[in-house]
Amino acid sequence: MKSQIIVVGLAGNPNSGKTSIFNALTGARQKVANWSGVTVEKREGRLKYKGYTFKIVDLPGTYSLSSYSIEEIVARDFIISENPDVIINVVDAGNLDRNLYLTTQLIDMRTRVVMALNMYDEAEVKGIRINTDTLGALLGMDVVGTIAVKSEGIDKLLDAVIDVSSKQSQVSRHIHINYGNDIESEIQKVQKTIRSVELIQEKYSTRWLALRLIEGDRDAELKLKRYRNFEDILKQAALSRLIIEKRYNDDIETIFTDMRYGFIAGAIKETVKKTAPKRRDFTEKIDKIVTNQFFAFPILIFFLWMLFELTFALGQYPMDLIDKGVILLSDALEATLPDSVLKDLIINGIINGLGGVIVFLPNILILFMGISFMEDTGYMARAAFIMDKIMHKMGLHGKSFISLVMGFGCNVPAIMATRSLENTRDRILTILVNPFMSCSARLPVYILFAGTFFSSFAGVVITSLYAVGIILAFISAKLFNAVFFKGQSMPFVMELPPYRLPTLKTTLLHMWDRGSLYLKKVAGIILVFSIIIWVLSSYPRSSEIEKKYTDQSNEITKTFIINKNKIIKAHGPESKELTMLNEENEALFEKVNIEKRSEEMKYTLIGRFGSAVYPLIKPLGFNWQMGISLTTGFVAKEIVVSTMSVLYHSAEEESDNGKQKSLREVLRNEEYGITPLIAYTFLLFVLMYVPCIGTVAVIGREAGWRWAVFSIAYQMILAWVVCFIFYNAGLLLGF
Ligand code: GDP
Ligand code: MG
């Protein structure tokens, strides 16, 4: 053990002080030669420290590890081919942002790195304060401040090298530079093709190789030539490069450079107190305002307000249009199609069910467009930064914020977006609380009930539900954190990419990525379930009930005619008594009609099921129609509304000169006994109870099925308990 040799390479920018560190380490024991085949100087030296023998190699100074110059290739080949135990990355502390670029590439290469934060003295003179511990924790490598010319920090550097090479380091871990969803998914595609060849896998980090190939690295391509399948790999890489360039509307190098500088900017912002003047002036200037300690929150709140305002104000017009179209279509079909089961299915099943949901599509698309725009401009990354402290108080991470905001659109893509969170704990927490973000699927229910029962306060009611959701998310996060994840979370860099004006195409594409997930849900699941619900709510039919009510109707008509004749005799055909009788008669008919449909409904399969779960939800003040809607809402929360349309429209089928009554009018009918208190309790329940099937499926896929089951159970119990307390408190207070 004691004679063990540790091979160390020194990598760093020119003039970062590599040679000075090398000299401080090895003193006079060095030999100078050329790297084989090229006229680049190679210095090698040895030293003994704490019983270990160190073989130190000073690599050529480079700004990057691409393959543009002979120096870069030499440095890179050494790291890949000669298996050094540790790379000391010499960094000029006074020029962190430029120097860290090389570091990001070392990270991509999965090398074990110790960072020598050199020229520490000069940085201090410039007034730059760097928190080396935090920087180390973020980058996953030991960071040691050094002053090479005074040999300061050299022992600590060697200690760190020993720790890392013997795997004793507390700090050292593999991290990923996150290149954003678009690029990450391309990296994965290329990695997959690389993984099909085992020999390559043994020699290279597949992630690094994928990155190099996507970036069009000729040297990397040449090296692959001797492996089988290399053409397929190159083809995939070229395709991926094309896709990324199209998405960002820029050349591949600029895109990757921007991403790496985004990572660096994020790391620096969290660890450095005053930084040297930067080159990214424009971005810096905007960041000064946007992340300013006084303006940051007002600006963030303003943007979020704009986002939702646009979603609903702008969405109103297409929404009204679609709404009118749906009514027009169903009226037209009502008038033209011959009476049949098929007609009933089309109008009451498919059009009502699907129509009730499609109306909200414009809102959802606008919301997704807004979120995509905020992400593409780079603002969302700042939002994550601003929210980081608050999110940490809840045991969440700044980056969770993006996923949570996306949750307002749809929890499915939101949960997938947690992939940008590095560690499992943060991811699972964010995933678990995501369903509390009122997704747009719940909005139809909110709008329907708030509009119906709280007309002029509808906005307040809806806002309050969003707020309750957010509060519950935070409380739950704290709870889960205390129960399941006692350990500290791993810090990691939040990228601050440069601001850029995205093209309309990019933003629309990103909107579509998310919107199509939602659309698939609507088109597929909701269509199928609208039909199923219609079937369940139409069958079986009872001829007895039919007869009973036909008899009743006949009876009413008979009495009406007798009374009518009496009144005409006594008061004449124009009298107000006659008008009154007419009205009474109509009301009576309507009442009998509702009773009939309601009895028929209870006879159907869904009615029976509703009655079965009814005892469970009765303590919350709900009626059986609500019970059924909630059950079907497990499939997707929009279905709560479409189920209600189907259930209640059926109940009002024959009313009002053949035209369909709006669901709002129907719900207000006192027959159904829905008070504002019950309506609000119902909305609370819809907010909290079970995530929809789609969400459960992604939770299962992203976090594991155990968590998916837990999520259902937790939300069910929470919803019931909260609603029970709320409803009964409301009753006591006399609402
Ligand atoms: P290399 O190009 O990376 O090999 O850098 P050198 O070792 O040649 O150093 C470049 C210059 O920086 C030389 O003038 C060194 O004396 C100076 N230098 C290196 N390390 C330090 C340090 O820690 N503090 C100060 N003040 N100067 C340093
Ligand atoms: Mg040198």
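Just so it is clear, the structure is predicted and the values come from calculations on it, not from any experiment. Counting convention: from 1, in listed order, for ligands and their atoms alike.
When each atom of ligand 1 is checked for a heavy atom of S20 under 4.0 Å away, the hits are 6 (P), 7 (O), 9 (O), 15 (C), 19 (C). Here is the list of ligand 1 atoms found below 4.0 Å of a heavy atom in D121: 22 (C), 23 (O), 24 (N), 25 (C), 26 (N).
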Side-chain atoms of residues 135-153: list all donor-acceptor pairs with protein atoms under 3.5 Å, sequence neighbours left out, distances to 0.1 Å.
{"unit_1": "D142", "atom_1": "OD2", "unit_2": "S169", "atom_2": "OG", "d": "2.7"}
{"unit_1": "T146", "atom_1": "OG1", "unit_2": "N118", "atom_2": "OD1", "d": "3.1"}

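Remark: the K235 side chain and the T193 side chain contain no N/O donor-acceptor pair separated by less than 3.5 Å.
In T19, the parts holding a heavy atom less than 4.0 Å from any atom of ligand 1 are both the side chain and the backbone. With a 4.0 Å heavy-atom cut-off, ligand 1 is reached by no atom of I21.
At least one heavy atom of N13 sits less than 4.0 Å from an atom of ligand 1. Put simply, no part of G61 is less than 4.0 Å from ligand 1, judged by heavy atoms.
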Q: Applying ring pair (Phe, Tyr, Trp, His ring centres under 6.0 Å), run through Y63 and Y101 and close with a yes or a no.
A: CA-CA 7 Å; Y63 293 105; Y101 192 81; 9.6 Å; no
**Q.** Derivation and outcome, side chain to side chain donor-acceptor pair (under 3.5 Å), residues T62 and E71
**A.** CA-CA 7 Å; T62 60; E71 283 81 6; over 6 Å; no
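Some N or O of A148 is nearer than 3.5 Å to an N or O of ligand 1, by distance alone. In terms of N/O distances under 3.5 Å, ligand 1 is approached by G17.
Ring centroids of F303 and Y379 are separated by less than 6.0 Å, placing the two rings close together.
With hydrogens and angles disregarded, no donor-acceptor distance shorter than 3.5 Å links the side chain of D217 to the backbone of R212.
Ring geometry for W208 against Y204 counts as parallel: the plane angle stays under 30°, on a 0 to 90° scale with 60° as the upper cut.
With M119, K18, K150 as candidates, the residue nearest to atom 22 (C) of ligand 1 on a non-hydrogen basis is M119.
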